[in-house]
Amino acid sequence: MLPRLTIRNHTLEPIIQGGMGVGISLPSLATAVARENGTGIISSALLHEITTKKYGTNISAHDAMFEEVSEARYNAPRSGAIGTNIMVYAVRDYESSVRGSVNAGADLIISGAGLPIALPKIVGKADIALVPIVSSLRALKIIYKKWMSKANSYREIDAVVLEGRRAGGHLGFKVDEITNESNKLENLFDPIKDFAMKNGDFPVIVAGGIYTHADILYWLNRGADGVQMGTRFLATEESTANATFKNAVIRCTKDDIIISHHKTNPPGSPSGMLFRIIKQSPMFQAGANRKPLCTKGAVLQKDSDGKYTKCNA
């Protein structure tokens, strides 16, 4: 038996399923994890496009999140937690995705790919756990200070996910920082844990390179309250990744895992952030031999005219 993880009103297995987009962390996977008393996560990345295809009618970002969380909650009514992962960089749909999560009764919102400064104000007085993702003590201190201000109604952090340099997906480091010894999860952890214990003793959940039972025990014994795991769930039956991607995961070697960036190893993420991926994945292969092109607009930023046309890749 692993020690339990308590986040706000929920006591759970200390395993959070990562929010993998696009179209991987959906209700089927989140429900399966929650049924085992873990925390199942639904990713907001392009969720409105996925649900539009699913239902055959145009679905807004709010309604997409509401429908998918509701489906997962219905299929795991008395089990673990159902939460959402919402990228700050997805500015256009961020607030709508947050409100959809709240209105559907999600248990928690995990938010990263930027600093989720506005999250408490959007959520208001809703009884939902708020969990930022950070990769440095500096980022955590900024979030804590902003959330505990009068403007955010002195909202406390319910838990934090600390992602080290071995995490999948978006990485919170600059290109020339990713190999720094100081950015190893082991070196980031102690200052973060110390800060958390001195400021409300909120749980610290570690992420990045955690794959086996031994990995979980290692971090729990080091003082982590829980772990977040993405790749572990990526090729499961319940994952909605396509067969090509699942096979790439199963067959991959260490040399197949790369860091994509629009300047050093294109195509990169439209957010402009570093992105760890398997080079045989369909997404990377489709974009590797062409000029980066934003066709979905999921993380477009406002241009000088206030229109969402700017792509950081």
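For clarity, every value in this text was computed on a predicted model and none was experimentally measured.
- A salt bridge does not link K279 with D255: every distance from a Lys NZ or Arg NE/NH1/NH2 to an Asp or Glu carboxylate oxygen is 4.0 Å or more.
- At a threshold of 4.5 Å between side-chain heavy atoms, the hydrophobic network of Ile, Leu, Val, Met, Phe, Trp and Tyr places I24 and L47 in one connected group.
- No side-chain heavy atom of N75 sits under 4.5 Å from any side-chain heavy atom of P27.
- Each of Y89 and V161 belongs to its own hydrophobic cluster when Ile, Leu, Val, Met, Phe, Trp and Tyr are linked at side-chain heavy-atom distances under 4.5 angstrom.
- S44 and S97 share no side-chain donor-acceptor pair at under 3.5 Å.
- Between the side chain of N242 and the main chain of T244, a donor-acceptor pair closer than 3.5 Å is present.
- Atom CG in L171 sits 7.5 Å away from atom CE in M273 (nearest 0.5 Å).
- Side-chain N or O atoms of W219 include none that pairs as donor or acceptor with a backbone N or O of A207 at under 3.5 Å.
- Put simply, OG1 on T84 and CE on M65 are 4.5 Å apart, with the number rounded to the nearest 0.5 Å.
- The structure places CZ of R73 at 14.5 Å from CD of E68, a figure rounded to the nearest 0.5 Å.
- Minimum interatomic distance between G114 and P116 (heavy atoms only, all atoms of both residues): O-CD, 3.5 Å.
- Atom CZ of R251 is surrounded by 12 or fewer heavy atoms from other residues, nucleotides or ligands within 6.0 Å.
- A heavy-atom distance below 4.5 Å is found between the side chains of I277 and I258.
- Judged by distance alone, with hydrogens and angles left aside, the side-chain atoms of D256 form a donor-acceptor pair with the main-chain N or O of T253 at under 3.5 Å.
- A pairwise comparison of heavy atoms in F233 and S239 identifies O-CB, 3.5 Å as the closest pair.
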| request: Test side chain to side chain contact (heavy atoms under 4.5 Å, CB included) on I259 and N265 and set out the steps. | output: CA-CA 7 Å; I259 296 175; N265 195 10; 5.9 Å; no
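- Within the hydrophobic cluster formed by Ile, Leu, Val, Met, Phe, Trp and Tyr side chains joined at under 4.5 Å, directly or through other members, L12 stands alone, with no partner residue.
- The environment of NZ in K54 is crowded: more than 12 heavy-atom neighbours from other residues, nucleotides or ligands sit within 6.0 Å.
- At least one side-chain heavy atom of W147 sits under 4.5 Å from a side-chain heavy atom of L119.
- Sorted by first and then second residue, the side chain to side chain donor-acceptor pair (under 3.5 Å) pairs with a member in residues 149-169 read R8-D158, R155-D158, E163-Q228; sequence neighbours excluded.
- In terms of modelled atom types and a separation under 3.5 Å, the side chain of S135 and the main chain of G164 share no donor-acceptor contact.
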| said: Run the side chain to side chain contact (heavy atoms under 4.5 Å, CB included) test on I110 and I16 for me, step by step, so that the C-alpha distance in whole Å, both residues' side-chain angles and the decisive distance to 0.1 Å come before the verdict. | reply: CA-CA 10 Å; I110 298 175; I16 294 178; 3.9 Å; yes
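- Going from atom CD1 of I192 over to atom CG of L140 covers 5.0 Å, rounded to the nearest 0.5 Å.
- Side chain of N180 to main chain of S182: no donor-acceptor pair is present (N/O by atom type, distance under 3.5 Å, no hydrogens or angles).
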| How far apart are the C-alpha atoms of Y74 and T31, what are their side-chain angles, what is the distance that settles it, and do they pass the side chain to side chain contact (heavy atoms under 4.5 Å, CB included) test? | CA-CA 9 Å; Y74 176 81; T31 297; over 6 Å; no
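- One distance of note links CD1 of I50 with CG of L26; it measures 5.0 Å at 0.5 Å rounding.
- Counting non-hydrogen atoms of other residues, nucleotides and ligands closer than 6.0 Å to NZ of K121 gives a total of 12 or fewer.
- Nearest approach of A159 to I205, heavy atoms of both residues: CB-CD1, 3.9 Å.
- With S281 contributing its side chain and I278 its backbone, the two residues share a donor-acceptor pair below 3.5 Å.
- Under a 3.5 Å cut-off, the side chain of H262 and the backbone N or O of S269 do not form any donor-acceptor pair.
- Under a hydrophobic-cluster definition in which Ile, Leu, Val, Met, Phe, Trp and Tyr are linked whenever side-chain heavy atoms come within less than 4.5 Å, directly or via other members, I178 and V175 are assigned to the same cluster.
- Across all non-hydrogen atoms, the minimal contact from T240 to G23 is OG1-O, 2.7 Å.
- The minimum heavy-atom distance linking G208 with L185 is given by the pair O-CD2, 4.0 Å.
- No side-chain heavy atom of E13 sits less than 4.5 Å from a side-chain heavy atom of V33.
- Distance alone, capped at 3.5 Å, places no donor-acceptor pair between the D63 side chain and the I59 backbone.
- To the nearest 0.5 Å, atom CD1 of residue I143 and atom CE of residue M148 are 14.0 Å apart.
- Applying the side-chain contact (heavy atoms from CB on, under 4.5 Å) test between F202 and each of I7, V160, V131 identifies V160 as the sole match.
- The closest donor-acceptor contact from the side chain of N85 to the backbone of S43 lies at 3.5 Å or more, if one exists at all.
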| L137 vs L188, side chain to side chain contact (heavy atoms under 4.5 Å, CB included): CA-CA, chis, key distance, verdict | CA-CA 8 Å; L137 178 60; L188 295 169; over 6 Å; no
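- Among D225, V206, L162, the single residue meeting the side-chain contact (heavy atoms from CB on, under 4.5 Å) criterion with K193 is D225.
- Of all heavy-atom pairs spanning I133 and G112, the tightest one is CB-CA, 3.9 Å.
- Side-chain contact between P132 and L115 is absent, with no heavy-atom pair separated by less than 4.5 Å.
- Ion pairing of E238 with R35 is absent here, as no side-chain N (NZ or NE/NH1/NH2) approaches a carboxylate O to less than 4.0 Å.
- For the residue pair N183 and E177, no side-chain donor N or O sits within less than 3.5 Å of a side-chain acceptor on the partner.
- With contacts defined as side-chain heavy-atom distances shorter than 4.5 Å, the pair I117/I142 qualifies.
- Looking at V227 and D215, their side chains never come closer than 4.5 Å, going by heavy atoms from C-beta outward.
- Put simply, the side chain of N187 reaches to within 4.5 Å of the side chain of E181, judged on heavy atoms.
- I42 and M229 fall within a single hydrophobic cluster, where Ile, Leu, Val, Met, Phe, Trp and Tyr are joined by side-chain heavy atoms under 4.5 Å apart, directly or via other members.
- Side-chain N/O atoms of S25 and Q17 include a donor and acceptor closer than 3.5 Å.
- Listed for the S111 side chain is a donor-acceptor partner under 3.5 Å among the backbone atoms of I86.
- L220 is not connected to L5 by any chain of hydrophobic side-chain contacts under 4.5 Å among Ile, Leu, Val, Met, Phe, Trp and Tyr, and they are in different clusters.
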